[in-house]
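Side chains included, hydrogens not; waters and symmetry mates left out as well; all remaining heavy atoms used.
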Amino acid sequence: MKKVGFFQSVRLKLIVVYILLLLLGIQVIGAYFVSQLDKQLTSNFTSSIDNQLNSLTFSLQNAFNAERDGDSPTLEDEVQGLISDFIEETQSINPRKLQILNSNANIIASVGTRDDSSDIGKKVTDYQLTNVLFIGEATEPKFKREEGSNDRVYVGTRPITDETGEEVLGLLHYEVYGDDISRQMEEISSIFAKGTVLAIVVTALLGILVARTITKPLTEMKRQAQIMATGDFSQKVNVRGNDEIGELGHAFNDMNDKLKLAQATTEGERRKLSSVLSNMSDGVIATDRLGAIILMNAPASKLIGQRFEDIQGQSLIDVLDLGDQIEEMGEVEETNSMIIDLSNDENHLLLKANFSVVEDENNEMDGFITVISDVTEQQRVEQERREFVSNVSHELRTPLTTMRSYIEALNDGAWQDPDIAPRFLDVTQNETDRMIRLVNDLLQLTKMDHKETTLMKKRVEFISFYESIIERFEMNKDDKVSFVRSLTKKKMYVWIDKDKITQVLDNVISNAIKYSPEGGSITFEASTTRKQLRVSITDEGIGMPPDTVDKIFDRFYRVDKSRAREMGGTGLGLAIAREIIDAHHGKIWAESREGEGTTVYFTLPLMSQKRRDKS
């Protein structure tokens, strides 16, 4: 496992969190403190300036109201002396500009860092100043920034009135620097910055210690998890406290015990499964959801002649050569079982494969289990039985045909008894016809068993083809049976031998008509499932027991032998139908209940769009 670097560790994250929280607290407190301090310093400054300006204003008011004679100094000189003395006596005031205006808005005295003596005597046209002369009310003092230096300047204007306070004799305009406030705020900000740095250093040291107490148990748990990953569950985590980390340590140790027990249980089940698979006579092959082989027992390896190590991960379709029967593993769900021919020039081998789907806890397909068994001997016995039927059929066909010719001649008038002879000949002829049909059916089955029948396949639109066969039966059926069609309007193309499939449909529909009661109906359906066409024919006849449904496709099997014989059946029609459907790589089966009717289904592969376009 890759080692976690310091810059990616929880320890660094905890330290950073501590520092950020401290910075946040300091910033909030500092911002509030500085704001309040700035307000307090500003308030003190303005109060001090206002008090000193009140004294100056009073002195100026006395100067403006004094009576003057020839020996007295002029108003301009006295006022200039007052403001000069005021500046010298009040060292705390640093005036940018201090100007005295008479009632005519002329500057009569001026001092300050921005004092321009050439302005004395000039008339002021500033609206705010002249407005004070006319109204007699002082302007609200305020701070503003000096252009160029951006220094704070306290600016205001006060009227100078007569003794009654009604007439404005002049005004005092002042602009005072607030340097002390800025300097004090800078010193305080510097102190805060140094304190913040010191607090961060101390917090970082404390954070390292605190983070170590938290991360050390986590590091031990990580080391223990790495040991557990190797299969060693003997060690446990040391629990040093009863806090959340201590509870996590207890939970980790409990998980260790449960994993140890689960591993022992799993190992025991694995041994049992291995023993069962090894001692089975049938072969078992397990695949994942994509069909790749993940498990195979010894009997399966012996049956297919390949070792598990050589085919692990390969597709089951390729290993068992199922390409002619299925295209992808998803089709296995509908196949259930099939016969696999693994014969070669030296050895004849037929295997029967039964497929089952493995589902996970969410009932979703997780893989497949294939059980294979050797059915070569069973197939050989079946083959011998078929050959026997073939030989018997060939031996009986010629004499039976001759018998039919003689009986037809006798039926034309050779018998002298006009009452008994015709009935006898009719029965004999019917039985002869039935036996001939039997022989023909046996011969057809034999040919199909020996793969002697060549299918003349071509591209067919099945729905219209199906409709034509239904219409043919509908024209000739009795009124006691009604037909119900449930066919899709969608065109579905199949690659089939029309004559053979017609034979299948004729046989199934004929059986449905035979066993339908008076007033019953026969339902014809056709639909698609994945890549297959699905056809069903349902009657409302007598039905059959569940244990006999799968046997109706066996040769010579009849549910009701007496009734089938009366109707002229040979017991081979559905067997022939199954052979034809199998030759088309389809499937045929039936579902039935006694007294509720029977439904016969069969499927045929649909043509792919690519193949349909080429046809």
- Query: So, do Leu533 and Val535 sit near enough that their side-chain heavy atoms are less than 4.5 Å apart?
  - Reply: yes
*Give the intermediate values and the outcome of side chain to side chain contact (heavy atoms under 4.5 Å, CB included) for residues Thr523 and Glu525.*
CA-CA 7 Å; Thr523 303; Glu525 295 184 2; 4.0 Å; yes
Nearest heavy-atom approach of Gln503 to Ile576 is NE2-CG2, 3.5 Å
Rounding to 0.5 Å, atoms OG (Ser315) and CG (Leu290) come to a distance of 9.0 Å
So do Met296 and Val284 actually touch side chain to side chain, heavy atoms under 4.5 Å? no
Taking the side chain as every heavy atom from C-beta outward, state whether Met456 and Asp499 have any atom pair closer than 4.5 Å. no
In terms of heavy-atom contacts, does CZ of Arg593 have more than 12 from other residues, nucleotides or ligands at under 6.0 Å?
no
Close side-chain approach of Thr528 and Met492, heavy atoms under 4.5 Å: yes
Any cation-pi pair here, Arg459 with Tyr493, using under 6.0 Å and within 45°? yes
Nearest heavy-atom approach of Ala512 to Asp539 is CA-OD2, 3.7 Å
key: Exercise: do Ser592 and Thr598 side chains pair donor with acceptor under 3.5 Å   = yes
Check: Thr265 side chain, Leu261 main-chain N or O, donor-acceptor pair, under 3.5 Å
yes
### Message
Working note: Phe355 + Leu316, criterion side chain to side chain contact (heavy atoms under 4.5 Å, CB included); need CA distance, chi angles, decisive distance, verdict.
### Response
CA-CA 11 Å; Phe355 303 99; Leu316 181 68; 4.2 Å; yes
Closest heavy-atom pair, His348 versus Thr376, reported as atoms and distance to 0.1 Å, is O-CG2, 3.4 Å
Side chain to side chain contact (heavy atoms under 4.5 Å, CB included) for Leu351 and Ile304? Distances and angles first, verdict last. CA-CA 9 Å; Leu351 301 180; Ile304 66 176; 4.3 Å; yes
In short, ring pair (Phe, Tyr, Trp, His ring centres under 6.0 Å) pairs touching residues 470-489 with sequence neighbours left out are Phe483-Phe524
Would you say the side chain of Val319 lies within less than 4.5 Å of the side chain of Gln306, judging by non-hydrogen atoms? yes
Distance-only, no hydrogens or angles: does the Asp282 side chain make a donor-acceptor pair with backbone N or O of Val371 under 3.5 Å?
no
Contacts of Ser521 meeting side-chain hydrogen bond (donor to acceptor under 3.5 Å, both in side chains) (sequence neighbours excluded), chain-then-number -> Glu540
query: Would Thr266 and Gln263 count as having a side-chain donor-acceptor pair, cut-off 3.5 Å?
result: no
Between the CD1 atom in Ile470 and the CD1 atom in Ile509, the distance rounded to the nearest 0.5 Å is 6.0 Å
Contacts of Lys498 meeting salt bridge (charged side-chain N to carboxylate O under 4.0 Å, His left out) (sequence neighbours excluded), chain-then-number -> none
Rounded to the nearest 0.5 angstrom, the OH-CD1 distance for Tyr515 and Ile542 is 7.0 Å
So with a 6.0 Å cut-off around NZ of Lys457, is the heavy-atom count from everything else above 12? yes
By side-chain hydrogen bond (donor to acceptor under 3.5 Å, both in side chains), Glu467 pairs with (sequence neighbours left out) Arg485
- Is any NZ, NE, NH1 or NH2 atom of the basic residue among Asp497 and Lys458 found under 4.0 Å from an Asp or Glu carboxylate oxygen of the other? no
Worksheet item: Do His585 and Leu604 touch side chain to side chain, with heavy atoms closer than 4.5 Å?
Response: no
### Query
For Ile581 and Ile501, what are the C-alpha separation, side-chain angles and deciding distance, and is it a side chain to side chain contact (heavy atoms under 4.5 Å, CB included)?
CA-CA 8 Å; Ile581 295 299; Ile501 298 301; 4.2 Å; yes
Here the gap from Ile469 atom CD1 to Leu505 atom CG, rounded to the nearest 0.5 Å, amounts to 4.5 Å
Note: Glu594 and Pro545 closest approach over all heavy atoms is CG-N, 3.5 Å
Residue set satisfying side chain to side chain contact (heavy atoms under 4.5 Å, CB included) with Val375, at least two apart, ordered chain then number -> Ile339, Leu350, Lys352, Ser373, Gln378, Gln379
Sequence neighbours excluded, the answer for salt bridge (charged side-chain N to carboxylate O under 4.0 Å, His left out) partners of Asp550 is none
side-chain hydrogen bond (donor to acceptor under 3.5 Å, both in side chains) filter on Asp341, not counting sequence neighbours, yields Ser343
Q) Does Ser516 reach the side chain of Ile522, with side-chain heavy atoms less than 4.5 Å apart? A) yes
On a heavy-atom basis, the closest approach of Ile580 and His584 is O-ND1, 2.8 Å
Salt bridge (charged side-chain N to carboxylate O under 4.0 Å, His left out) filter on Asp288, not counting sequence neighbours, yields none
Here the pair of heavy atoms bringing Gly313 nearest to Ala292 is O-CB, 3.6 Å
Ring pair (Phe, Tyr, Trp, His ring centres under 6.0 Å) filter on Tyr601, not counting sequence neighbours, yields Trp589
Here the gap from Ile293 atom CD1 to Ile311 atom CD1, rounded to the nearest 0.5 Å, amounts to 4.0 Å
Next item on the list: Check whether any side-chain N or O of Thr603 sits under 3.5 Å from a backbone N or O of Lys587 as a donor-acceptor pair, and report yes or no.
Entry: yes
Glu471 meets the side-chain hydrogen bond (donor to acceptor under 3.5 Å, both in side chains) criterion, sequence neighbours left out, with none
Strictly distance-based, threshold 3.5 Å: is any side-chain N or O of Ser536 a donor or acceptor partner for the main-chain N or O of Val600?
no
Hits for ring pair (Phe, Tyr, Trp, His ring centres under 6.0 Å) against Phe462, two or more places apart or cross-chain, chain-then-number order -> Phe465, Tyr466
Output for pair (Ile537 CD1, Asn507 CG), nearest 0.5 Å, gives 9.5 Å
Contacts satisfying salt bridge (charged side-chain N to carboxylate O under 4.0 Å, His left out) that involve residues 302-313 (not counting sequence neighbours) are Arg307-Asp310
Notebook entry, point to check: So do Leu349 and Asp374 actually touch side chain to side chain, heavy atoms under 4.5 Å?
Noted result: yes
